[in-house]
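Okay, so here's the structure we're looking at.
Note that ligands are numbered from 1 as they come in the structure, with each ligand's atoms numbered from 1 the same way. Heavy atoms only: backbone and side chains are in, while hydrogens, waters and symmetry mates are out. Heads up: numbering here begins at 1 and tracks the sequence.
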Amino acid sequence: PAPAAPDTAGVAAALRRAVDEGAPGALARIEDHGRTYKVTRGLADRSTRRAITADDRFRIGSVTKTFSAVVLLQLADEHRLSLDAPVNRYLPKLLPDDRITVRQVLGHRSGLYDYTNDMFADSVSGFEAVRNKVFTYRQLIALSLRKPRTNAPGAAYSYSNTNFVVAGILIEKLTGQSVRTAYEDRIFKPLKLRDTFYVHPKTTIPGRYARGYLTPDEAGAPLLDTTNQTVSWAQSAGAIISSARDLDTFYSALLSGRLLSAARLGDMEKFIRVDSTTAYGLGLRRRELSCGVAVYGHTGIVQGYYTYAFATKDGARSFAAVATTSNNAKVQEAMGGALDTAFCGKDGK
Ligand SMILES: CC1(C)S[C@@H]2[C@H](NC(=O)CCCC[C@H](NC(=O)C[NH3+])C(=O)[O-])C(=O)N2[C@H]1C(=O)[O-]
(Lines give C-alpha, C1' and ligand atoms only; values in the text may rest on other atoms or scores of the structure.)
Protein backbone atom coordinates (compact mmCIF):
# COMPACT_ATOMS: atom_id res chain seq x y z
CA PRO A 1 0.00 0.00 0.00
CA ALA A 2 1.17 3.56 -0.68
CA PRO A 3 1.64 5.62 2.51
CA ALA A 4 -1.27 7.90 3.38
CA ALA A 5 -0.73 11.68 3.39
CA PRO A 6 1.32 12.68 6.45
CA ASP A 7 -0.97 13.03 9.47
CA THR A 8 0.78 15.93 11.16
CA ALA A 9 -2.00 16.21 13.74
CA GLY A 10 -1.37 12.58 14.66
CA VAL A 11 2.36 13.15 14.85
CA ALA A 12 1.73 16.19 17.06
CA ALA A 13 -0.43 14.08 19.37
CA ALA A 14 2.34 11.47 19.60
CA LEU A 15 4.96 14.12 20.45
CA ARG A 16 2.58 15.56 23.05
CA ARG A 17 2.35 12.07 24.56
CA ALA A 18 6.16 11.78 24.58
CA VAL A 19 6.44 15.06 26.50
CA ASP A 20 3.59 14.14 28.85
CA GLU A 21 5.43 10.86 29.59
CA GLY A 22 8.62 12.71 30.57
CA ALA A 23 10.56 13.95 27.54
CA PRO A 24 11.52 17.64 27.98
CA GLY A 25 11.11 18.09 24.24
CA ALA A 26 10.38 16.27 20.99
CA LEU A 27 10.58 17.16 17.31
CA ALA A 28 9.67 15.50 14.03
CA ARG A 29 10.22 16.40 10.40
CA ILE A 30 8.62 14.75 7.38
CA GLU A 31 9.86 15.24 3.83
CA ASP A 32 7.17 14.06 1.43
CA HIS A 33 7.75 14.31 -2.31
CA GLY A 34 9.49 17.66 -1.80
CA ARG A 35 7.02 19.03 0.78
CA THR A 36 8.32 19.54 4.33
CA TYR A 37 6.29 19.18 7.54
CA LYS A 38 7.66 20.14 10.95
CA VAL A 39 6.17 19.29 14.35
CA THR A 40 7.61 20.23 17.75
CA ARG A 41 6.62 19.98 21.40
CA GLY A 42 8.33 21.19 24.60
CA LEU A 43 11.77 22.51 25.34
CA ALA A 44 15.28 22.37 23.89
CA ASP A 45 16.76 23.43 27.23
CA ARG A 46 15.14 22.98 30.66
CA SER A 47 17.25 25.70 32.30
CA THR A 48 16.74 28.48 29.74
CA ARG A 49 13.21 27.24 28.90
CA ARG A 50 14.00 27.75 25.18
CA ALA A 51 11.39 26.00 23.02
CA ILE A 52 12.66 23.12 20.86
CA THR A 53 12.65 23.72 17.10
CA ALA A 54 12.66 21.23 14.21
CA ASP A 55 16.10 22.56 13.24
CA ASP A 56 17.83 21.75 16.54
CA ARG A 57 20.78 19.38 16.30
CA PHE A 58 20.97 16.26 18.48
CA ARG A 59 22.94 13.07 19.13
CA ILE A 60 21.66 10.30 16.81
CA GLY A 61 23.04 7.20 18.57
CA SER A 62 22.91 4.04 16.48
CA VAL A 63 21.53 5.82 13.44
CA THR A 64 25.32 6.27 13.05
CA LYS A 65 25.48 2.58 12.11
CA THR A 66 23.92 3.25 8.71
CA PHE A 67 26.59 5.87 7.98
CA SER A 68 29.37 3.42 8.90
CA ALA A 69 27.79 0.67 6.78
CA VAL A 70 27.53 3.05 3.79
CA VAL A 71 31.27 3.83 3.95
CA LEU A 72 32.19 0.13 4.00
CA LEU A 73 29.75 -0.67 1.19
CA GLN A 74 31.27 2.15 -0.88
CA LEU A 75 34.67 0.52 -0.29
CA ALA A 76 33.16 -2.75 -1.54
CA ASP A 77 31.94 -0.89 -4.64
CA GLU A 78 35.52 0.32 -5.11
CA HIS A 79 36.77 -3.30 -4.84
CA ARG A 80 38.79 -2.39 -1.74
CA LEU A 81 36.79 -4.73 0.48
CA SER A 82 34.94 -8.02 0.07
CA LEU A 83 31.85 -8.36 2.23
CA ASP A 84 32.37 -12.11 2.51
CA ALA A 85 36.04 -11.88 3.46
CA PRO A 86 37.04 -12.53 7.07
CA VAL A 87 37.59 -9.32 9.05
CA ASN A 88 40.96 -10.79 10.05
CA ARG A 89 42.11 -10.65 6.41
CA TYR A 90 42.20 -6.85 6.73
CA LEU A 91 43.01 -6.70 10.45
CA PRO A 92 45.11 -9.80 11.28
CA LYS A 93 44.25 -11.40 14.63
CA LEU A 94 41.82 -8.61 15.59
CA LEU A 95 39.07 -11.13 16.20
CA PRO A 96 39.44 -14.55 17.84
CA ASP A 97 37.70 -16.32 14.93
CA ASP A 98 38.91 -16.14 11.33
CA ARG A 99 35.43 -17.15 10.18
CA ILE A 100 33.81 -13.82 11.17
CA THR A 101 33.16 -11.91 7.93
CA VAL A 102 32.51 -8.23 7.21
CA ARG A 103 28.93 -9.05 6.19
CA GLN A 104 28.26 -10.84 9.48
CA VAL A 105 29.60 -7.82 11.40
CA LEU A 106 27.36 -5.36 9.51
CA GLY A 107 24.33 -7.64 9.96
CA HIS A 108 24.85 -8.30 13.71
CA ARG A 109 25.47 -11.98 13.01
CA SER A 110 29.12 -12.17 14.13
CA GLY A 111 28.36 -13.40 17.66
CA LEU A 112 30.56 -10.68 19.19
CA TYR A 113 29.22 -9.82 22.67
CA ASP A 114 27.88 -6.30 23.25
CA TYR A 115 30.05 -4.71 25.96
CA THR A 116 27.39 -2.04 26.64
CA ASN A 117 25.24 -4.68 28.33
CA ASP A 118 27.60 -4.51 31.31
CA MET A 119 28.57 -0.84 30.86
CA PHE A 120 25.01 0.47 31.29
CA ALA A 121 23.48 -2.14 33.60
CA ASP A 122 22.85 0.78 35.96
CA SER A 123 21.80 3.68 33.74
CA VAL A 124 23.09 6.74 35.61
CA SER A 125 26.25 5.37 37.27
CA GLY A 126 27.14 3.50 34.09
CA PHE A 127 26.81 6.69 32.06
CA GLU A 128 28.64 8.85 34.60
CA ALA A 129 31.54 6.37 34.58
CA VAL A 130 32.14 6.80 30.83
CA ARG A 131 30.68 10.21 29.87
CA ASN A 132 34.10 11.87 29.76
CA LYS A 133 36.15 8.78 28.97
CA VAL A 134 38.03 8.31 25.71
CA PHE A 135 38.34 4.68 24.58
CA THR A 136 40.37 3.26 21.72
CA TYR A 137 38.54 0.90 19.38
CA ARG A 138 40.71 -1.95 20.59
CA GLN A 139 39.86 -1.25 24.24
CA LEU A 140 36.14 -1.55 23.39
CA ILE A 141 36.74 -4.80 21.50
CA ALA A 142 38.76 -6.11 24.43
CA LEU A 143 35.75 -5.42 26.69
CA SER A 144 33.61 -7.50 24.33
CA LEU A 145 36.09 -10.39 24.13
CA ARG A 146 36.04 -10.78 27.90
CA LYS A 147 32.65 -12.42 27.45
CA PRO A 148 31.68 -15.52 25.45
CA ARG A 149 30.36 -14.94 21.98
CA THR A 150 26.59 -15.12 21.62
CA ASN A 151 26.60 -17.44 18.60
CA ALA A 152 28.84 -19.07 16.03
CA PRO A 153 29.68 -16.74 13.14
CA GLY A 154 26.62 -16.35 10.89
CA ALA A 155 24.46 -18.69 12.98
CA ALA A 156 22.08 -16.06 14.45
CA TYR A 157 21.19 -12.36 14.69
CA SER A 158 22.32 -10.78 17.94
CA TYR A 159 22.53 -6.97 18.01
CA SER A 160 25.89 -5.77 19.28
CA ASN A 161 27.55 -2.35 19.31
CA THR A 162 30.86 -4.21 19.10
CA ASN A 163 30.13 -4.97 15.44
CA PHE A 164 30.15 -1.30 14.48
CA VAL A 165 33.27 -0.63 16.50
CA VAL A 166 34.87 -3.28 14.26
CA ALA A 167 33.36 -1.39 11.32
CA GLY A 168 35.16 1.75 12.49
CA ILE A 169 38.53 0.02 12.66
CA LEU A 170 37.94 -1.42 9.19
CA ILE A 171 37.09 2.03 7.78
CA GLU A 172 40.29 3.52 9.20
CA LYS A 173 42.46 0.63 8.02
CA LEU A 174 41.04 0.50 4.48
CA THR A 175 40.84 4.24 3.84
CA GLY A 176 43.96 5.28 5.77
CA GLN A 177 41.75 8.07 7.16
CA SER A 178 39.91 8.71 10.41
CA VAL A 179 36.24 7.74 10.38
CA ARG A 180 35.52 11.47 10.71
CA THR A 181 37.30 12.20 7.41
CA ALA A 182 35.67 9.20 5.73
CA TYR A 183 32.17 10.31 6.84
CA GLU A 184 32.85 13.92 5.77
CA ASP A 185 34.37 13.12 2.37
CA ARG A 186 31.97 10.33 1.40
CA ILE A 187 28.63 11.40 2.91
CA PHE A 188 28.44 14.71 4.80
CA LYS A 189 30.00 16.91 2.08
CA PRO A 190 28.52 15.26 -1.03
CA LEU A 191 25.00 15.46 0.50
CA LYS A 192 25.63 18.93 2.02
CA LEU A 193 24.67 17.71 5.50
CA ARG A 194 25.49 20.99 7.21
CA ASP A 195 24.10 19.96 10.60
CA THR A 196 25.96 16.64 10.70
CA PHE A 197 29.22 16.18 12.58
CA TYR A 198 31.54 13.55 13.99
CA VAL A 199 33.48 15.41 16.69
CA HIS A 200 34.63 12.49 18.89
CA PRO A 201 36.18 12.82 21.44
CA LYS A 202 34.93 16.41 21.92
CA THR A 203 31.99 16.53 24.32
CA THR A 204 30.18 19.55 22.88
CA ILE A 205 27.58 19.86 20.12
CA PRO A 206 28.32 22.61 17.56
CA GLY A 207 25.76 25.33 16.81
CA ARG A 208 22.18 25.20 18.10
CA TYR A 209 21.03 21.95 19.61
CA ALA A 210 18.49 20.33 21.93
CA ARG A 211 19.87 19.23 25.30
CA GLY A 212 19.41 15.57 26.23
CA TYR A 213 18.27 14.22 29.59
CA LEU A 214 18.64 10.67 30.92
CA THR A 215 15.73 9.24 32.91
CA PRO A 216 17.21 7.50 36.00
CA ASP A 217 16.25 3.91 36.84
CA GLU A 218 14.72 5.06 40.15
CA ALA A 219 11.11 6.25 39.64
CA GLY A 220 10.74 9.95 40.40
CA ALA A 221 14.48 10.70 40.50
CA PRO A 222 15.43 13.94 38.67
CA LEU A 223 16.49 13.84 35.01
CA LEU A 224 20.25 14.02 34.37
CA ASP A 225 21.51 16.43 31.69
CA THR A 226 23.67 14.20 29.44
CA THR A 227 24.24 16.61 26.56
CA ASN A 228 28.00 16.97 26.99
CA GLN A 229 29.62 13.56 26.63
CA THR A 230 32.38 12.03 24.46
CA VAL A 231 30.17 9.12 23.27
CA SER A 232 33.53 7.33 23.11
CA TRP A 233 31.79 4.16 24.26
CA ALA A 234 30.14 4.10 20.83
CA GLN A 235 32.17 6.14 18.25
CA SER A 236 31.44 4.58 14.81
CA ALA A 237 28.55 2.70 16.44
CA GLY A 238 26.78 5.80 17.75
CA ALA A 239 28.59 9.14 18.02
CA ILE A 240 27.33 11.18 15.04
CA ILE A 241 25.47 14.47 15.67
CA SER A 242 22.85 15.52 13.11
CA SER A 243 19.44 17.13 12.54
CA ALA A 244 16.06 15.94 11.31
CA ARG A 245 16.60 17.71 8.00
CA ASP A 246 19.97 16.01 7.42
CA LEU A 247 18.66 12.57 8.39
CA ASP A 248 15.75 12.98 5.96
CA THR A 249 18.25 13.94 3.27
CA PHE A 250 20.57 11.04 4.11
CA TYR A 251 18.00 8.24 4.07
CA SER A 252 16.25 9.62 0.99
CA ALA A 253 19.60 9.78 -0.84
CA LEU A 254 20.62 6.30 0.32
CA LEU A 255 17.34 4.61 -0.56
CA SER A 256 17.04 6.37 -3.92
CA GLY A 257 20.44 4.98 -4.92
CA ARG A 258 22.61 8.09 -4.69
CA LEU A 259 25.25 6.67 -2.31
CA LEU A 260 25.77 3.06 -3.42
CA SER A 261 25.55 0.91 -6.52
CA ALA A 262 22.31 -1.04 -6.94
CA ALA A 263 24.21 -4.22 -6.09
CA ARG A 264 25.57 -2.87 -2.79
CA LEU A 265 22.23 -1.28 -1.83
CA GLY A 266 20.80 -4.72 -2.55
CA ASP A 267 23.31 -6.20 -0.10
CA MET A 268 22.26 -3.62 2.49
CA GLU A 269 18.61 -4.53 1.97
CA LYS A 270 19.03 -8.29 2.33
CA PHE A 271 16.92 -8.32 5.51
CA ILE A 272 16.87 -11.04 8.12
CA ARG A 273 13.85 -11.11 10.41
CA VAL A 274 14.40 -9.92 13.99
CA ASP A 275 10.80 -10.00 15.30
CA SER A 276 7.23 -9.74 14.02
CA THR A 277 7.65 -6.20 12.70
CA THR A 278 11.37 -5.64 12.17
CA ALA A 279 14.20 -7.09 10.13
CA TYR A 280 17.88 -6.10 9.88
CA GLY A 281 20.04 -5.82 6.77
CA LEU A 282 23.52 -4.29 6.83
CA GLY A 283 23.38 -1.26 9.17
CA LEU A 284 19.75 -0.79 8.08
CA ARG A 285 16.45 -1.72 9.71
CA ARG A 286 13.16 -2.50 7.97
CA ARG A 287 10.04 -1.84 10.03
CA GLU A 288 6.56 -2.98 9.00
CA LEU A 289 4.04 -0.40 10.26
CA SER A 290 0.43 -0.92 11.39
CA CYS A 291 -0.93 -0.09 7.91
CA GLY A 292 1.34 -2.57 6.13
CA VAL A 293 3.78 0.05 4.86
CA ALA A 294 7.43 -0.98 5.22
CA VAL A 295 9.94 1.76 6.08
CA TYR A 296 13.74 1.63 6.05
CA GLY A 297 16.21 3.37 8.36
CA HIS A 298 17.49 3.06 11.90
CA THR A 299 16.67 3.89 15.50
CA GLY A 300 19.09 5.29 18.03
CA ILE A 301 19.41 5.51 21.77
CA VAL A 302 22.23 7.52 23.30
CA GLN A 303 21.83 8.84 26.83
CA GLY A 304 19.31 11.68 26.59
CA TYR A 305 18.04 11.06 23.06
CA TYR A 306 15.62 8.64 21.32
CA THR A 307 16.04 9.00 17.57
CA TYR A 308 13.93 7.59 14.72
CA ALA A 309 15.00 8.02 11.08
CA PHE A 310 13.14 6.10 8.35
CA ALA A 311 12.02 6.47 4.73
CA THR A 312 9.94 4.65 2.13
CA LYS A 313 11.78 2.20 -0.12
CA ASP A 314 12.10 4.78 -2.88
CA GLY A 315 13.14 7.53 -0.46
CA ALA A 316 10.24 9.73 -1.58
CA ARG A 317 8.95 10.16 1.96
CA SER A 318 11.24 10.36 5.00
CA PHE A 319 10.66 10.92 8.69
CA ALA A 320 13.17 11.93 11.34
CA ALA A 321 12.34 12.56 14.98
CA VAL A 322 13.92 12.79 18.39
CA ALA A 323 12.68 12.93 21.97
CA THR A 324 15.16 14.43 24.42
CA THR A 325 15.15 11.74 27.02
CA SER A 326 16.04 8.06 27.10
CA ASN A 327 15.64 5.09 29.47
CA ASN A 328 11.89 5.79 29.43
CA ALA A 329 9.84 3.07 27.71
CA LYS A 330 6.65 5.17 27.54
CA VAL A 331 8.45 7.96 25.69
CA GLN A 332 10.02 5.38 23.36
CA GLU A 333 6.58 3.91 22.65
CA ALA A 334 5.12 7.37 21.96
CA MET A 335 7.87 8.10 19.45
CA GLY A 336 7.25 4.74 17.75
CA GLY A 337 3.64 5.91 17.43
CA ALA A 338 4.82 9.12 15.75
CA LEU A 339 6.70 7.03 13.18
CA ASP A 340 3.65 4.90 12.49
CA THR A 341 1.34 7.90 12.14
CA ALA A 342 3.76 9.72 9.85
CA PHE A 343 3.40 6.96 7.24
CA CYS A 344 0.04 5.38 8.07
CA GLY A 345 -2.04 8.49 8.60
CA LYS A 346 -5.08 8.59 10.90
CA ASP A 347 -5.91 5.20 12.46
CA GLY A 348 -3.64 3.42 10.04
CA LYS A 349 -5.74 4.25 6.94
C1 LIG B 1 19.42 -1.53 19.89
C2 LIG B 1 19.31 -0.17 20.59
C3 LIG B 1 17.91 0.00 21.22
S4 LIG B 1 20.59 -0.06 21.84
C5 LIG B 1 21.82 0.41 20.69
C6 LIG B 1 22.59 1.69 20.93
N7 LIG B 1 22.53 2.30 22.21
C8 LIG B 1 23.15 1.73 23.26
O9 LIG B 1 23.71 0.66 23.19
C10 LIG B 1 23.04 2.49 24.57
C11 LIG B 1 22.20 1.66 25.50
C12 LIG B 1 22.06 2.31 26.84
C13 LIG B 1 21.18 3.51 26.74
C14 LIG B 1 20.57 3.87 28.09
N15 LIG B 1 19.90 2.74 28.72
C16 LIG B 1 20.34 2.23 29.90
O17 LIG B 1 21.31 2.66 30.48
C18 LIG B 1 19.56 1.05 30.43
N19 LIG B 1 20.13 0.58 31.68
C20 LIG B 1 19.55 4.94 27.82
O21 LIG B 1 18.36 4.58 27.66
O22 LIG B 1 19.97 6.10 27.70
C23 LIG B 1 21.69 2.30 19.94
O24 LIG B 1 21.46 3.42 19.67
N25 LIG B 1 21.06 1.11 19.64
C26 LIG B 1 19.64 1.01 19.68
C27 LIG B 1 19.06 0.84 18.27
O28 LIG B 1 19.81 0.40 17.39
O29 LIG B 1 17.87 1.15 18.14
> Between Leu214 and ligand 1, which part of the residue brings a heavy atom under 4.0 Å of the ligand: side chain, backbone, both or neither?
Replying inline: side chain
>> Residue-level breakdown please: for Asn161 versus ligand 1, do any non-hydrogen atoms fall below 4.0 Å on the side chain, on the backbone, on both, or on neither?
In response: side chain
> Does the Gln235 side chain pair with the main chain of Ser232, one donor and one acceptor, at a distance under 3.5 Å?
Replying inline: yes
> Counting heavy atoms only, which of Thr116, Thr299, Val331, Val231 comes nearest to atom 29 (O) of ligand 1?
Replying inline: Thr299
> With atoms numbered from 1 as shown, which atoms in ligand 1 lie under 4.0 angstrom from a non-hydrogen atom of Ser326?
Replying inline: 20 (C), 21 (O), 22 (O)
> So which pairs with a foot in residues 121-131 pass side chain to side chain donor-acceptor pair (under 3.5 Å), sequence neighbours left out?
Replying inline: Asp122-Ser125, Ser123-Asp217, Ser123-Asn327
>> Is the contact between Trp233 and ligand 1 made by the side chain, the backbone, both, or neither, using heavy atoms and a 4.0 Å cut-off?
In response: side chain
> When rounded to the nearest 0.5 angstrom, what is the spacing between CG in Leu214 and CG in Leu224?
Replying inline: 5.5 Å
> Hey, is ligand 1 close enough to Tyr159 that some N/O pair sits below 3.5 Å?
Replying inline: yes
>> Closer than 3.5 angstrom, by distance alone: can the side chain of Thr215 be matched with the main-chain N or O of Ser326 as a donor-acceptor pair?
In response: yes
>> Please list the nearest protein heavy atom to atom 16 (C) of ligand 1 with its residue and the distance rounded to 0.1 Å.
In response: Ser123 OG, 3.4 Å
> So is there a nitrogen or oxygen of Phe120 less than 3.5 Å from a nitrogen or oxygen in ligand 1?
Replying inline: yes
> Where does Gln332 meet ligand 1, judged by heavy-atom distances below 4.0 Å: at the side chain, the backbone, both, or neither?
Replying inline: neither
> Are the side chain of Ser236 and the backbone of Phe164 linked by a donor-acceptor contact shorter than 3.5 Å?
Replying inline: yes
> Can you list the ligand 1 atoms lying under 4.0 Å from a non-hydrogen atom of Gln303?
Replying inline: 22 (O)
> Only one of Val71, Leu191, Thr181, Val70 forms a side-chain contact (heavy atoms from CB on, under 4.5 Å) with Arg186, so which one is it?
Replying inline: Val71
> Does the N or O separation between Lys65 and ligand 1 drop below 3.5 Å for any pair?
Replying inline: no
>> What verdict does the side-chain contact (heavy atoms from CB on, under 4.5 Å) test give for Arg57 and Asp195, after you've listed the backbone C-alpha separation in whole Å, the side-chain angles of each residue and the deciding distance to 0.1 Å?
In response: CA-CA 7 Å; Arg57 293 164 180 170; Asp195 296 324; 3.1 Å; yes
> Is a donor on one side and an acceptor on the other found under 3.5 Å between the side chain of Asp77 and the backbone of Ser261?
Replying inline: yes
> Mind checking whether Ser62 has an N or O less than 3.5 Å away from an N or O of ligand 1?
Replying inline: yes
>> Check contact between His298 and ligand 1, using heavy atoms of the residue and a distance below 4.0 angstrom.
In response: yes
> Among side-chain atoms of Asp84 and Ser82, is any donor-acceptor pair under 3.5 angstrom?
Replying inline: no
> Got the closest protein heavy atom to atom 3 (C) of ligand 1, with its distance?
Replying inline: Ile301 CD1, 3.4 Å
> If we ignore angles and hydrogens, is there a donor and acceptor under 3.5 Å between the side chains of Asp225 and Thr227?
Replying inline: yes
> So, is Val302 polar-close to ligand 1, with some N/O to N/O distance under 3.5 Å?
Replying inline: no
> Regarding Thr196 and Asp246, is there a side-chain donor-to-acceptor distance under 3.5 Å anywhere?
Replying inline: yes
> If you count the atoms of ligand 1 from 1 in the order shown, which ones are under 4.0 Å from a heavy atom of Gly300?
Replying inline: 24 (O), 29 (O)
> Taking both backbone and side-chain atoms of Asp122, is any N or O found less than 3.5 Å from an N or O belonging to ligand 1?
Replying inline: no
>> Among all the protein's non-hydrogen atoms, which is closest to atom 15 (N) of ligand 1, and how far away is it?
In response: Asn327 OD1, 4.2 Å
